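Just so we're on the same page: letters track the sequence lines, and every chain starts at 1. All of these numbers come straight from a predicted model, not from anything done at the bench.
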Protein chains: 2
Amino acid sequence: MTEGAQFRQTVAGQRYEVFHTDCPARGVVDRVTSRWGIWVLISLRSNALRFYELRESIQGISEKMLAQTLRALVQDGLVWRTVEPTTPPQVTYGLTEFGREIDEPLAELFDRITRRLPPREAG
Amino acid sequence: MTEGAQFRQTVAGQRYEVFHTDCPARGVVDRVTSRWGIWVLISLRSNALRFYELRESIQGISEKMLAQTLRALVQDGLVWRTVEPTTPPQVTYGLTEFGREIDEPLAELFDRITRRLPPREAG
DNA sequence: CAGGATCCTATCCGATACTG
DNA sequence: CAGTATCGGATAGGATCCTG
């Protein structure tokens, strides 16, 4: 991971200092596109969800990874978290404005991939 | 990883059988959003590139991971590969139509994240 | 219910060396 | 140039147990 100057890439008609190892976007992108990040974000698209609702929505995720992923997304400002100090406690997660902004291309990405995939009738 | 019925999520106004562990989209999404997949795809956005050009474009990627990532993307039909049987050999990679389709939301995602990030003047 | 802590394994991934 | 093969360390991530 040697650092160094980085070429500028034109993305969507704009210039950025991209792909540089310490490009600040890299971290966020990595977390958004992490194994579970994308599914959490898409899950929260329509409405806020409780922890267990998220766990049940996203097949195959462990509690550990869900908690970990949520923590990262909250820290990045993509997801908010509210705690209802009841018994039992209720913790709800939802998308921030930034989160919704990010969610759009994410959902679009997912849609385009899904639309292209085996029509399922082959199975 | 117990299988089972999976809820249907509304994404971008459409219904899909999503998040199911063996949802075919999951694999492609995972590879597209893999650590290096997204950068390879964005790198190829403007034009096709040779292997070494890709390696130099994407800071921090190793030859192994580049080759591995490219192989996966070619297999998924997102990237094409042509070999010029010259000496030395020239191998070029570019986006297929599917690849370009996927690339749009990917670039948009990246743009939105970048736009939100530290204005850099703080540094 | 919502998680933190611990343990342990699978895989990711970089470094290096080698091939056509 | 464009890879493949192998090794080994780092990390991701699952399983389980425990707490407020």
Side-chain angles (χ1 to χ4, degrees), chain A residues 1-4 19-22 26-40 43-44 48-76 79-94, chain B residues 1-4 19-22 26-40 43-44 48-76 79-94:
Chain A
M1 280 288 195
T2 54
E3 309 297 322
F19 303 177
H20 196 290
T21 312
D22 55 25
R26 195 119 153 192
V28 180
V29 171
D30 277 355
R31 282 185 291 281
V32 167
T33 65
S34 72
R35 177 138 186 63
W36 300 111
I38 177 173
W39 305 115
V40 169
S43 292
L44 294 175
L49 292 174
R50 307 257 311 266
F51 186 84
Y52 81 96
E53 292 176 313
L54 276 169
R55 181 179 11 105
E56 278 160 33
S57 295
I58 305 168
Q59 268 252 328
I61 196 170
S62 67
E63 296 194 352
K64 174 183 168 181
M65 289 319 296
L66 179 54
Q68 189 173 304
T69 303
L70 282 169
R71 225 180 305 137
L73 294 177
V74 168
Q75 191 144 16
D76 281 338
V79 169
W80 52 256
R81 170 197 146 112
T82 46
V83 184
E84 219 77 34
T86 59
T87 313
Q90 294 202 357
V91 182
T92 309
Y93 296 91
Chain B
M1 281 288 197
T2 54
E3 308 298 323
F19 302 177
H20 195 294
T21 312
D22 55 26
R26 195 119 152 191
V28 179
V29 171
D30 277 355
R31 282 184 292 281
V32 167
T33 65
S34 71
R35 177 140 185 62
W36 300 112
I38 178 173
W39 305 116
V40 169
S43 292
L44 293 176
L49 292 173
R50 306 261 308 268
F51 186 84
Y52 81 97
E53 292 176 313
L54 277 168
R55 179 175 17 99
E56 278 161 30
S57 296
I58 306 169
Q59 268 252 326
I61 196 171
S62 66
E63 296 194 352
K64 174 184 169 181
M65 290 319 296
L66 179 54
Q68 189 173 304
T69 302
L70 283 169
R71 227 181 301 137
L73 293 177
V74 168
Q75 190 143 15
D76 282 336
V79 168
W80 52 255
R81 171 195 146 114
T82 45
V83 184
E84 220 77 34
T86 57
T87 312
Q90 295 203 356
V91 182
T92 309
Y93 297 90

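- Rounded to 10 degrees, the angle between the two end axes of the helix from dC1(C)-dG20(D) to dG20(C)-dC1(D) is 50°, with five pairs used at each end.
- Between the CD atom of Glu84(B) and the C1' atom of dG3(D) there is a distance of 17 Å, given to the nearest Å.
- Atom CE in Met65(A) sits roughly 18 Å away from atom P in dT9(C) (whole-Å rounding).
- Partners of Thr92(B) under the side-chain contact (heavy atoms from CB on, under 4.5 Å) rule, at least two apart in sequence or in another chain, are Ala48(B), Arg50(B), Trp80(B), Thr82(B).
- Partners of Thr86(B) according to the side-chain contact (heavy atoms from CB on, under 4.5 Å) rule, which considers only residues two or more places apart in sequence or in another chain, are Glu84(B), Gln90(B).
- Among the candidates Trp39(A), Tyr93(A), Phe51(A), the single residue satisfying the side chain to side chain contact (heavy atoms under 4.5 Å, CB included) test with Leu66(A) is Phe51(A).
- With dG14(D), dG14(C), dA2(C) as the choices, the nucleotide that has an atom nearest any side-chain atom of Val91(A) turns out to be dA2(C).
- If you take CZ of Arg55(A) and C1' of dG3(C), they are 10 Å apart, rounded to a whole angstrom.
- In this structure, the side-chain contact (heavy atoms from CB on, under 4.5 Å) partners of Gln68(B), at least two apart in sequence or on a different chain, are Lys64(B), Met65(B).
- In this entry the distance linking CG of Leu49(A) with P of dC1(C) reads 15 Å, nearest Å.
- Partners of Arg55(A) under the salt bridge (Lys or Arg N to Asp or Glu O under 4.0 Å) rule, at least two apart in sequence or in another chain, are Glu63(A).
- Between atom CD1 of residue Ile61(A) and atom OG1 of residue Thr69(A) there is a gap of 5.0 Å, rounded to the nearest 0.5 Å.
- Taking CG of Leu49(B) as the start and OG of Ser43(B) as the end, the distance is 7.0 Å to the nearest 0.5 Å.
- Regarding contacts with the backbone of dG3(D), a side-chain N or O of Tyr93(B) is found under 4.0 angstrom from either OP1 or OP2.
- Listed by chain and residue number, Thr33(A), Ile38(A), Leu109(A), Val29(B) satisfy the side-chain contact (heavy atoms from CB on, under 4.5 Å) test with Thr33(B) (two or more places apart in sequence, or in another chain).
- Separating the CD atom of Glu56(A) from the C1' atom of dC1(C) is a distance of 11 Å, rounded to the nearest angstrom.
- Note on Arg50(B): every side-chain N or O is 4.0 Å or more away from OP1 and OP2 of dC1(D).
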task: For nucleotides 4-9 of chain D, just jot down a letter per nucleotide in 5' to 3' order: B, S or -, based on protein non-hydrogen atoms under 4.0 Å.
output: S-BB--
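- Between Ile58(B) atom CD1 and dG14(C) atom C1' the separation is 16 Å, expressed in whole Å.
- Within the nucleic acid shown, Arg81(B) comes within 4.0 Å of sugar-phosphate atoms alone, with no base atom in reach, counting heavy atoms only.
- One atom, CD1 of Ile61(A), and another, C1' of dG14(D), lie 11 Å apart when rounded to the nearest Å.
- Under the side chain to side chain donor-acceptor pair (under 3.5 Å) criterion, Arg71(A) pairs with no residue at all, not counting sequence neighbours.
- Going from atom CZ of Arg35(A) over to atom C1' of dT11(D) covers 14 Å, rounded to whole Å.
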